[in-house]
Novice: 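To start, I am sharing the structure in question, which I have written as structure tokens.
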Amino acid sequence: MGSLLMGAAMLMPNNNHVTPTAQRIPVVLDIENILPQVSEPEVLDQAALINNAPQFERIIVSGDTLSGLFSKAGVDQQTMYKVLEADLNILALDTLLPGNRMQFWLDSEGQLQKLELYFNAARQVVFTRYEDGSFNVEEVNVEGVWQNRILTGDIKGSFYVSAQKMGLAAADIQRIEDLLKEKLNFARDLRAGDKFSVLVNDQYVEGEPTGSSQILGVSIKSGRSEISAYQYSDGSYYDAKGQSLVRAFQRYPLAKQPRMSSRFNSHRKHPITGRISPHNGTDFSVPIGTKVIAPGDGIVSLVTDHQFAGKYIVIEHGGKYRTRYLHLSKALVRKGQRVTRGQVIALSGNTGRSTGPHLHYEFHINGKPVDPLKADIPMSSKLANQDLRTFTNMVKSREAIMNLG
């Protein structure tokens, strides 16, 4: 939704530019000591709003901009900025895509009281207004039901075309090709008549597919050889012998272990408002221009600017892992680019709402932020001992299911 954010970004103040009359110089402030704690204001009663239809509803289409949507809903830019500020910990507005839905509830005076983003049946994000005019944000995730699906077929032309004809989504096909690229040249090694089998796990909420899926297993038989990959409980993929198909992660997105200025804290109280305002990442105190590196292999899913998050990057690492890097001074990668562990992806900075130069780093597992310094993430290239025994039994079970196809 690059075009969506671009419209908003063009209207937002930018800390990187100098105004004709004055230059802003960032100053590190100890906010907790200089500002008093205040009590949390009450959220306005939303019962009537929830029961009533929204005053404005829009299914996102290509070309929509955030500022344009708020304007059509009759909501001013100042309110839009307050919503963007509330969205800092989730950054949901940056991920809107064509087909997603936005709903606006306004009071009799035209003030925005509630905004709902509907991504799919399993995920919505809801903003509700406080009495002081600021907004609370809540992410609603529904686990739903996951169902297995077996896809089998013969190679006729390319693997991509053959798998697509059997009903495999483009994103899943790309994931398989990325997983097996070191073991198989899809353009050169496959022949007509070679066979493939894929075990897919699809998510449903109240019978409605959400579009979310996982590749649990894949097997490609070419001549007398067979190449396979299976997802283990840690979210990573291994061959049938337990050897990792992707390189392990490293803990820090920097070449050297830096000084932490703020730890991950899902129950942090905001120093100004006194409300629970989670700090979903780890802040590293580094000078502007410090090289930021990818902690694992992945694909860049977003490179954008945000009034409060500054310039930031999102990387999808396949399966269930995602990383985010905020307040950058410069991005060195582009959306859609493949990156490898240790590759320099950006330079740290002080953009957006920031009290000093630093890197804000987030690690997400299954869409939820976790402490990257403590989370159980893949750190080795081969399963061992009990994990290997459990994995071997799992592979036998999945092979049996896939053979049924």
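Keep in mind it's a predicted model, so treat the numbers as computed, not measured.
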Novice: Tell me, with the steps shown, if Asp94 and Tyr312 meet side chain to side chain donor-acceptor pair (under 3.5 Å).
Specialist: CA-CA 11 Å; Asp94 288 356; Tyr312 77 93; 2.2 Å; yes
Novice: For Glu208 and Val205, indicate whether the former's side chain and the latter's backbone hold a donor-acceptor pair under 3.5 Å.
Specialist: no
Novice: So do the side chains of Phe391 and Gln386 get within less than 4.5 Å of each other, counting heavy atoms only?
Specialist: no
Novice: For Ser348 and Val286, which heavy atoms make the closest approach, and how far apart are they?
Specialist: OG-CG2, 3.6 Å
Novice: How about Glu139 and Val126: do any of their side-chain heavy atoms sit closer than 4.5 Å?
Specialist: no
Novice: Is there a salt bridge (Lys or Arg N to Asp or Glu O under 4.0 Å) between Arg338 and Asp178? Walk through the geometry before answering.
Specialist: CA-CA 9 Å; Arg338 289 181 174 85; Asp178 285 339; 2.8 Å; yes
Novice: Determine whether a donor-acceptor pair (N or O, by modelled atom type, separation under 3.5 Å) exists between the side chain of Trp105 and the backbone of Asn52.
Specialist: yes
Novice: Would you find a donor on one side and an acceptor on the other, under 3.5 Å apart, between the side chain of Gln337 and the backbone of Arg334?
Specialist: yes
Novice: Are the side chain of Gln55 and the backbone N or O of Leu106 linked by a donor-acceptor pair below 3.5 Å?
Specialist: yes
Novice: Return the CG to CZ distance between Leu117 and Arg123, rounded to the nearest 0.5 Å.
Specialist: 8.0 Å
Novice: Using salt bridge (Lys or Arg N to Asp or Glu O under 4.0 Å) as the criterion, list what pairs up with Asp154, not counting sequence neighbours.
Specialist: Lys195
Novice: So do the side chains of Glu226 and Ser219 get within less than 4.5 Å of each other, counting heavy atoms only?
Specialist: yes
Novice: Determine, step by step, whether Thr351 and Leu326 satisfy the side-chain contact (heavy atoms from CB on, under 4.5 Å) criterion, reporting the C-alpha distance in whole Å, the side-chain angles of both residues, the deciding distance to 0.1 Å, and the verdict.
Specialist: CA-CA 8 Å; Thr351 57; Leu326 277 60; over 6 Å; no
Novice: Identify whether the distance between the nearest side-chain nitrogen and carboxylate oxygen of Asp202 and Arg149 falls below 4.0 Å.
Specialist: yes
Novice: Hey, are Arg353 and Glu85 close enough for a salt bridge, meaning a charged N less than 4.0 Å from a carboxylate O?
Specialist: yes
Novice: Has Ser329 got a side-chain atom pairing as donor or acceptor with Leu347's backbone, closer than 3.5 angstrom?
Specialist: yes
Novice: Any chance you could measure Lys114, atom NZ, to Phe127, atom CZ, to the nearest 0.5 Å?
Specialist: 12.5 Å
Novice: Test His360 against His279 for side-chain contact (heavy atoms from CB on, under 4.5 Å), laying out the working first.
Specialist: CA-CA 10 Å; His360 175 94; His279 188 246; 3.6 Å; yes
Novice: Does the side chain of Ser228 come under 3.5 Å of the side chain of Asp239 through a donor N or O and an acceptor N or O?
Specialist: no
Novice: So Leu216 and Asn148, do their side chains get closer than 4.5 Å, heavy atoms only?
Specialist: yes
Novice: Output every pair passing side-chain hydrogen bond (donor to acceptor under 3.5 Å, both in side chains) with a member in residues 181-194, not counting sequence neighbours, ordered by first then second residue.
Specialist: Asp194-Ser222
Novice: Where the side chain of Arg251 meets the backbone of Pro372, is there a donor-acceptor pair that is under 3.5 Å apart?
Specialist: yes
Novice: Does any part of the side chain of Ser213, heavy atoms only, come nearer than 4.5 Å to the side chain of Asp172, both counted from C-beta?
Specialist: yes
Novice: Identify the heavy atoms of Gln243 and Lys382 that sit nearest to each other, and give their distance.
Specialist: NE2-CD, 3.5 Å
Novice: Looking at every heavy atom in both Ile313 and Ile345, which two are closest together, and how far apart are they?
Specialist: CD1-O, 3.6 Å
Novice: Can you classify the ring geometry of His358 versus His327 as parallel (below 30°), tilted (30 to 60°) or perpendicular (above 60°)?
Specialist: tilted
Novice: Distance from Glu362 atom CD to Asp371 atom CG, nearest 0.5 Å?
Specialist: 11.5 Å
Novice: Taking atom CD1 of Ile155 and atom CZ of Phe196, what is their separation to the nearest 0.5 Å?
Specialist: 5.5 Å
Novice: Nearest 0.5 Å, what's the CD-CG distance between Gln78 and Leu112?
Specialist: 12.5 Å
Novice: Any side-chain donor-acceptor pair under 3.5 Å between Thr323 and His317?
Specialist: yes
Novice: Which value, rounded to the nearest 0.5 Å, describes the distance between Phe70 atom CZ and Leu115 atom CG?
Specialist: 5.0 Å
Novice: What's the shortest heavy-atom distance between Pro258 and Tyr252, and which atoms?
Specialist: CD-CD2, 3.9 Å
Novice: Aromatic contact between Tyr325 and Tyr361, with the criterion being ring centroids under 6.0 Å apart: yes or no?
Specialist: yes
Novice: Is the shortest heavy-atom distance from the side chain of Ser197 to the side chain of Ile150 under 4.5 Å?
Specialist: yes
Novice: Quick one, Leu359 with Asp283, criterion side-chain contact (heavy atoms from CB on, under 4.5 Å). Give me CA distance, side-chain angles, the key distance, then yes/no.
Specialist: CA-CA 6 Å; Leu359 171 67; Asp283 291 349; over 6 Å; no
Novice: Could you please spell out the steps behind the side-chain contact (heavy atoms from CB on, under 4.5 Å) verdict for Leu199 and Ile215?
Specialist: CA-CA 6 Å; Leu199 179 59; Ile215 301 295; over 6 Å; no
Novice: So does Gln343 get a backbone contact from the side chain of Thr340, meaning a donor-acceptor N/O pair under 3.5 Å?
Specialist: no
Novice: Give me the atom names and distance for the closest heavy-atom approach of Ile227 to Leu180.
Specialist: CG2-CD2, 3.8 Å
Novice: Please check if the side chain of Thr392 supplies one atom and the backbone of Leu388 the other of a donor-acceptor pair under 3.5 Å.
Specialist: yes
Novice: What is the minimum heavy-atom distance between Ile365 and Asp376, and which atoms define it?
Specialist: CD1-O, 4.4 Å
Novice: Among Val125, Val137, Leu69, Val83, which one satisfies side chain to side chain contact (heavy atoms under 4.5 Å, CB included) with Leu93?
Specialist: Val83
Novice: Tell me if a side-chain donor or acceptor on Gln203 pairs with a main-chain N or O of Glu143 at a distance below 3.5 Å.
Specialist: yes
Novice: May I have the step-by-step check of salt bridge (Lys or Arg N to Asp or Glu O under 4.0 Å) for Asp64 and Arg58, ending in yes or no?
Specialist: CA-CA 10 Å; Asp64 277 340; Arg58 171 77 170 183; 3.0 Å; yes
Novice: When the ring centroid of Tyr130 is compared with that of Phe135, is the distance short of 6.0 Å?
Specialist: no
Novice: Just by distance, no angles: are the side chains of Gln124 and Tyr118 close enough, under 3.5 Å, to form a donor-acceptor pair?
Specialist: no
Novice: Check whether any side-chain heavy atom of Asn100 lies under 4.5 Å from a side-chain heavy atom of Met102, and answer yes or no.
Specialist: no
Novice: With no hydrogens and no angle check, just 3.5 Å: does a side-chain donor-acceptor pair link Asp387 and Tyr232?
Specialist: yes
Novice: Would you please indicate if the ring centroids of Phe363 and Phe264 are separated by under 6.0 Å?
Specialist: no
Novice: Donor-acceptor pair, Ser162 side chain versus Ser158 backbone, under 3.5 Å?
Specialist: yes
Novice: Are the side chains of Phe284 and Met260 in touch, meaning some heavy atoms are under 4.5 Å apart?
Specialist: yes
Novice: According to the interplanar angle, ranging from 0 to 90°, do the rings of Phe159 and Phe186 count as parallel (below 30°), tilted (30 to 60°) or perpendicular (above 60°)?
Specialist: tilted
